[in-house]
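Please read the structure below before turning to the comments.
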There are 2 protein chains.
Amino acid sequence: MTKPEHEFRSRCSIARSLEILGDKWTLLVVRDLMWHDKHTFQELQNSEEHLPPNLLSQRLKRLMEWGLVEREAYQDRPVRYRYELTDQGRELEPILLHIMAWGHAHLNGGLYDPVRAQTVAKASR
Amino acid sequence: MTKPEHEFRSRCSIARSLEILGDKWTLLVVRDLMWHDKHTFQELQNSEEHLPPNLLSQRLKRLMEWGLVEREAYQDRPVRYRYELTDQGRELEPILLHIMAWGHAHLNGGLYDPVRAQTVAKASR
DNA sequence: CTACTCACTTCCATAAATTAAGTGACTTCC
DNA sequence: GGAAGTCACTTAATTTATGGAAGTGAGTAG
């Protein structure tokens with residue numbers, strides 16, 4: 001996977017990551033692909049947070065450009081795609097887990113998948 | 001610390017966290033407070049990424065509202081503040097470490113503090 | 001008195017997000 | 001065969017946020 005031509009604003013790895021992941025939606029798309037078995041455009045759009053289709057479209061494009069997501073047609077006429085995380089994308093899991101754990105601990109509770117909780121415990125060991 | 005009145009868009013802990021942390025600047029402020037010994041407005045503003053003062057001001061306000069940052073006056077006339085992470089704010093460290101590790105691994109290298117690298121290794125064990 | 005520092009705030013042009021509606025390629029129902 | 005529906009988007013219009021520059025107020029130093 002070739003990375004897009006992109007002038008990073010900083011040499012800091014955190015700042016660089018945030019240029020791709022640093023918004024309110026991108027990691028939710030990753031969450032749904034990773035854990036919630038949502039793989040079509042429609043499924044992703046119908047997440048609890050209801051991200052609008054133009055943003056979903058744009059975010060998927062960016063994730064694909066950076067090689068975090070791939071899609072393959074699951075039917076022709078009309079062509080319909082199934083979106084999947086790549087290995088690189090799947091490596092975002094610890095980030096998601098820690099963000100989830102932190103939010104759960106500090107933001108008035110919030111839903112916290114008990115199946116996942118176990119994984120969080122593992123990640124923070 | 002009382003949390004601000006806030007209607008979260010979702011019950012998901014990740015979505016909630018992203019309402020506070022999900023942008024390109026907030027976690028960089030946290031990074032500078034946590035590791036780079038930057039504590040005054042000016043020091044924070046002069047980070048490598050040069051966030052404009054209006055955004056720094058707004059981000060600090062939000063971090064303080066949520067109890068992740070506190071400030072105390074280090075002088076009067078004129079009053080000057082020193083910003084510090086609270087315990088809650090310091091608990092963001094694993095998130096930063098994983099974002100740093102991921103960015104280093106996948107975004108064309110990027111600077112990666114060798115002192116911190118050790119901590120990353122520990123966090124991902 | 002003048003210049004300078006620090007910690008902001010205000011202003012403004014641009015960019016991004018939100019909301020709503022529309023499009024194209026079909027499939028299914030009557 | 002026409003009408004309605006589904007899916008995967010795109011386009012347009014409005015609102016909000018961002019980024020860059022300049023300004024302000026309270027001082028200190030020369």
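Nothing here was measured: the structure is a model prediction, and the numbers come from that model.
- In this structure, Gln75(A) contributes its side chain and Pro78(A) its backbone to a donor-acceptor pair below 3.5 Å.
- Between Glu70(A) and Thr86(A), the side chains place no donor N or O within less than 3.5 Å of an acceptor N or O (distance only, hydrogens not considered).
- The nearest heavy atom of DNA chain D to Arg9(A) and to Gln45(A) marks one nucleotide each, and the one closer to the 5' end goes with Gln45(A).
- Here Arg82(B) lies out of heavy-atom contact (under 4.0 Å) with every strand.
- With rounding to the nearest 0.5 angstrom, the CG atom of Leu96(B) is 10.0 Å from the CD1 atom of Ile95(A).
- Judged as a ring pair (Phe, Tyr, Trp, His ring centres under 6.0 Å), and not counting sequence neighbours, the contacts of Phe8(B) are His6(B), Trp66(B).
- Listed by chain and residue number, nothing satisfies the salt bridge (Lys or Arg N to Asp or Glu O under 4.0 Å) test with Arg71(A) (two or more places apart in sequence, or in another chain).
- Think of the region where chain A sits on DNA chain D: with heavy atoms and a 4.0 Å cut, that region ends 5' and 3' at dC7(D) to dA12(D).
- The salt bridge (Lys or Arg N to Asp or Glu O under 4.0 Å) check on Asp23(B) picks up Arg59(B), Arg62(B), with sequence neighbours excluded.
- Taking 4.0 Å as the cutoff to heavy atoms of chain B, we find the contact window on DNA chain C bounded by dC6(C) to dC11(C).
- The salt bridge (Lys or Arg N to Asp or Glu O under 4.0 Å) search around Arg80(A) returns none, not counting sequence neighbours.
- Comparing the helix axis at one end of the helix from dC1(C)-dG30(D) to dC30(C)-dG1(D) with that at the other, each defined from 5 consecutive pairs, gives an inter-axis angle of 10° (nearest 10°).
- Not counting sequence neighbours, the partners of Lys24(A) by the side chain to side chain contact (heavy atoms under 4.5 Å, CB included) test are Arg9(B).
- Mapping Lys61(A) and Arg59(B) onto DNA chain D by nearest heavy atom places Lys61(A) at the nucleotide closer to the 5' end.
- Ser57(B) places no side-chain N or O within donor-acceptor distance of the main-chain N or O of Pro53(B), the cut-off being under 3.5 Å.
- Only Thr40(B), Phe41(B), Gln42(B), listed by number, bring a heavy atom of residues 37-44 of chain B to less than 4.0 angstrom from any atom of DNA chain C.
- Residues that satisfy the salt bridge (Lys or Arg N to Asp or Glu O under 4.0 Å) test with Glu91(A), not counting sequence neighbours, are absent from this structure.
- Checked against the 6.0 Å centroid threshold, Trp102(B) and His98(B) do not count as a close aromatic pair.
- Scanning for side chain to side chain contact (heavy atoms under 4.5 Å, CB included) contacts around His50(A) gives an empty result, with sequence neighbours left out.
- By the side chain to side chain contact (heavy atoms under 4.5 Å, CB included) test, Arg90(A) is found to be paired with Met34(A), Leu85(A), Asp87(A), residues two or more places apart in sequence or in another chain being considered.
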